[in-house]
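Only one structure is covered here, and it is reproduced in the block below.
Just so it is clear: chains get the letters A, B, ... in the order the sequence lines come, proteins before strands, and each one is counted from 1.
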Amino acid sequence: MLKIYNSLARDKQVFVPINPGQVRMYVCGMTVYDDCHLGHARMLLSFDMVYRWLKSSDYDVTYVRNITDVEDKIIARAAENHETISALTQRMVEHLHRDTGRLLMLPPTHEPRATAHVPGMVALIEQLIAKGLAYPAANGDVYYAVAKFPGYGKLSGKSLADLRAGERIEVDPHKRDPLDFVLWKAAKPDEPSWPSPWGAGRPGWHIECSVMSEFHLGTHFDIHGGGHDLQFPHHENEIAQSEGAHGHAFVNYWMHNGFLRFNDEKMSKSLGNFFKIDDVLKTFDAEVVRFFILRAHYRSPLNYSETTLADAKNALDRLYTALKGVAAPDLVIDWNEPGALRFRAAMDDDFNTPEAVAVLFELASEANRTHSAQTIGLLKALGGVLGLLQRDPNVYLQAAPAGDGAGSLSAVLIEERIAARGAAKQAKNFAEADSIRAELLAAGVVLEDTALGTSWRRN
RNA sequence: GGCGGGGUAGCAAAGUGGUUAUGCAGCGGCCUGCAAAGCCGUCUACGUGGGUUCGAUUCCCGCCCCCGCCUCCA
């Protein structure tokens, strides 16, 4: 029985899908004006993990993750780069797919782009105006009248009074209430625009998610996810738009992942303390990065550093080393088997991946003790549920260092040196054998003498 | 100021009213020509002051510290 921490209820709740056996899930994806950083990776990986677990739990899952391809920052960046908006967004979408692919994420069922749904947004705004929840202003903008929507603040636990007290922005004179947010922005020169009943313009940010989720999932669906920073105002505004327009519940379970931090601060563009996925992958194996993120709980803060990532690498090495002993049979997981049972209980408890990973380590210990093909098969299969441990162990352990691998010894050369060392050992010339081993170690290659001969891995 | 999330052993990170989390690192042993890997054993814990309780890291209250949202942000 799956329990999910629902931000709306501020509590773990038993997950009951609207339609039995079926889950409809929407996640706020990327605004494509720059490469993804590790904080984005955490969000993307968290919901990839959720998607995988729901599928493993035999749900028929429709997973929608949008792409925001029209927005202030995109316009500004394109101008800065002296390129067209579509050239910029197309390139960034390619980078997004490159990065998610490397991090072993499954593609979402649908990946709608905002620019393809503008007419739907115009239609939704018209509905909101008709219901008296939105109003066009003299400047050509259209605003949402926050005070007209009774439930405003229910997701983020804020009241209108609190929000007004915390007011930090200068009031736009076109807004009736300072808290009103923009649904439609009047066109400015040299900016992309679409026709609308209020004149040429472009959509505000929040409206796209209400429209794209409805397009693919309907007006009432199961799970909506995103980074914690989207809880307010973005998700609050989505609720106001969708529930305001349709008059019924929008989303049953709201999920928010915790931040990735660097030096105990949120990693973000505005703070400038971010590491791009592409750059991190020049130093660390992508599966190590995936494992690093999955071994923390998705809602907890997670600190990134060279040390914590290196730690994750050593830990993943142990798992793959356990897999190396015996060929893992491909097996169908028997969820009544004790290890699988514990794994499932952990995942069903609000996706407790640290606990699930602990089960993996216990299986690894058991496999090291017993060399049971069954245990090794289970370890690999459960790892697969998290998108881990699917490579051939030797391919993982002997992989050239992440990045271009420049300066690393080739496998052929390593094998030659191992043969030379073997000959020296035969001749009881241990000084020579040890010197070859030391030479390889200095090049990042560790030798392991086993009953079956000498094997090697990179450290 | 309002709202929310945290402070767990050297580091990372789960969890629990009483019984080993887990990983990395350390120490001792086994194995090994010596190592590595593995196995066995082992040392460091629950921010702080009270309260409830037979018993609290785990529940309640106060305090300290950190982080986030309240403005674009995953």
Considering only nitrogen or oxygen atoms on both sides, find all protein atoms under 3.5 Å from nucleotides 35-39 of chain B and state each distance.
| from | atom 1 | to | atom 2 | distance (Å) |
| --- | --- | --- | --- | --- |
| B/A35 | N6 | A/D449 | O | 3.1 |
| B/A35 | N1 | A/D449 | N | 2.8 |
| B/A35 | N3 | A/R437 | NH1 | 3.2 |
| B/A36 | O2' | A/E448 | OE2 | 3.4 |
| B/A36 | O2' | A/R457 | NH2 | 3.1 |
| B/A37 | O4' | A/E448 | OE2 | 3.3 |
| B/G38 | OP1 | A/R318 | NH1 | 3.4 |
| B/G38 | O3' | A/N368 | ND2 | 3.0 |
| B/C39 | OP1 | A/R318 | NH2 | 3.4 |
| B/C39 | OP1 | A/N368 | ND2 | 3.3 |
| B/C39 | OP2 | A/R318 | NH1 | 3.4 |

Item to check | Residue pair A/E111 / A/N66, side-chain donor-acceptor N/O under 3.5 Å | outcome: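 Per modelled atom types, A/E111 and A/N66 side chains form no pair under 3.5 Å.
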
Next on the checklist: Side chains of A/S159 and A/D162 only: does a donor on one sit below 3.5 Å from an acceptor on the other?
Outcome noted: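 Looking only at side-chain atoms, A/D162 and A/S159 do form a donor-acceptor pair, the distance falling under 3.5 Å.
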
Item to check | Pairs where residues 3-12 of chain A contributes a residue and the test salt bridge (charged side-chain N to carboxylate O under 4.0 Å, His left out) is met, not counting sequence neighbours | outcome: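 For residues 3-12 of chain A: A/K12-A/D349.
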
Next on the checklist: Classify the ring geometry of A/W335 against A/W53: parallel below 30°, tilted from 30° to 60°, perpendicular beyond 60°.
Outcome noted: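 Judged by the thresholds at 30° and 60°, the geometry between A/W335 and A/W53 is perpendicular.
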
Next on the checklist: Parallel, tilted or perpendicular: which one describes the rings of A/F181 and A/Y144, with boundaries at 30° and 60°?
Outcome noted: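 Aromatic pair A/F181/A/Y144 classed parallel.
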
Restricting to nitrogen or oxygen on both sides, can you table the protein-nucleotides 13-15 of chain B pairs closer than 3.5 Å?
| from | atom 1 | to | atom 2 | distance (Å) |
| --- | --- | --- | --- | --- |
| B/A14 | OP1 | A/H297 | N | 2.7 |
| B/A14 | OP1 | A/S300 | OG | 2.9 |
| B/A14 | O3' | A/N352 | ND2 | 3.3 |
| B/A14 | O2' | A/E355 | OE1 | 3.1 |
| B/G15 | OP1 | A/N352 | ND2 | 3.3 |

Mind checking if [X] touches a base, just sugar-phosphate, or nothing, with heavy atoms under 4.0 Å?
X	result
A/G39	base
A/F361	sugar-phosphate
A/A358	base

Next on the checklist: Any salt bridge linking A/K154 with A/E236? Criterion: basic side-chain nitrogen under 4.0 Å from a carboxylate oxygen.
Outcome noted: no

Checklist entry - Looking at A/D48 and A/R65, does any basic side-chain N land under 4.0 Å from a carboxylate oxygen? => result no

Hey, is the side chain of [X] pairing donor to acceptor with the base of [N] inside 3.5 Å?
X	N	value
A/N314	B/G23	no
A/K266	B/C73	yes
A/K158	B/C70	no

Next on the checklist: Filter on ring pair (Phe, Tyr, Trp, His ring centres under 6.0 Å), then keep only pairs touching residues 301-323 of chain A, sequence neighbours left out; what's left?
Outcome noted: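 Listed by first then second residue: A/F275-A/Y304, A/Y320-A/Y396.
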
Checklist entry - What residues in residues 257-264 of chain A put a non-hydrogen atom under 4.0 Å from any atom of RNA chain B? => result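 RNA chain B contact set from residues 257-264 of chain A: A/N257, A/G258, A/F259, A/L260, A/R261, A/D264.
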
Check the distance between [N]'s [atom2] and [X]'s [atom1] and give it to me in whole angstrom.
X	N	atom1	atom2	answer
A/E71	B/C72	CD	C1'	7 Å
A/K73	B/U71	NZ	P	14 Å
A/L388	B/G23	CG	C1'	14 Å
A/M267	B/C72	CE	P	22 Å
A/N237	B/C70	CG	P	12 Å
A/K428	B/C34	NZ	P	11 Å
A/H235	B/C69	NE2	P	14 Å
A/D11	B/G5	CG	C1'	15 Å

Checklist entry - Does A/Y33 have A/K269 sitting over its ring (NZ/CZ under 6.0 Å from centre, angle to axis within 45°)? => result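 Positive - A/K269 is close enough to the ring of A/Y33 and near enough to its axis.
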
Checklist entry - Can a cation-pi geometry be assigned to A/R299 and A/Y5, taking NZ or CZ under 6.0 Å from the six-membered ring centre and within 45° of the ring axis? => result yes

Under 3.5 Å between N/O atoms: give me all the protein pairs with nucleotides 41-45 of chain B, atom names plus distance.
none

Checklist entry - How far apart are the C-alpha atoms of A/K324 and A/E448, what are their side-chain angles, what is the distance that settles it, and do they pass the salt bridge (charged side-chain N to carboxylate O under 4.0 Å, His left out) test? => result CA-CA 12 Å; A/K324 196 172 75 159; A/E448 296 174 352; 3.2 Å; yes

Next on the checklist: Checking A/D449 now: which residues fulfil salt bridge (Lys or Arg N to Asp or Glu O under 4.0 Å) with it, not counting sequence neighbours?
Outcome noted: A/R421, A/K425

Item to check | Between CG on residue A/D35 and CG on residue A/L96, distance to nearest 0.5 Å | outcome: 9.5 Å

[N] to [M] separation - [atom1] atoms, rounded to the nearest Å:
N	M	atom1	value
B/U57	B/G47	P	9 Å
B/G28	B/G15	C1'	30 Å
B/G41	B/U58	C1'	29 Å
B/G5	B/C59	P	13 Å
B/C11	B/C43	C1'	15 Å
B/C31	B/G18	P	40 Å
B/G50	B/C73	C1'	42 Å
B/C24	B/U44	C1'	15 Å

Item to check | Partners passing ring pair (Phe, Tyr, Trp, His ring centres under 6.0 Å) against A/F232 (at least two apart in sequence or in another chain) | outcome: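 In terms of ring pair (Phe, Tyr, Trp, His ring centres under 6.0 Å), with neighbours along the sequence ignored, A/F232 is linked to no residue.
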
Checklist outcome for this item: Between A/H206 and A/V357, whichever has its closest RNA chain B nucleotide further toward 5' is A/V357

Listed partners of [X] passing side chain to side chain donor-acceptor pair (under 3.5 Å), at least two apart:
X	answer
A/R102	A/D278
A/S56	none
A/E265	none

Next on the checklist: Pairs counted only when both distances fall under 3.5 Å, Watson-Crick or G-U: show me the 5' to 3' dot-bracket for RNA chain B, [ ] for pseudoknotted crossings and | for other-strand partners.
Outcome noted: (((((((..(((.....[...))).(((((.......)))))....(((((..]....))))))))))))....

Checklist entry - Can the ring centroids of A/H256 and A/H235 be said to lie less than 6.0 angstrom from one another? => result yes

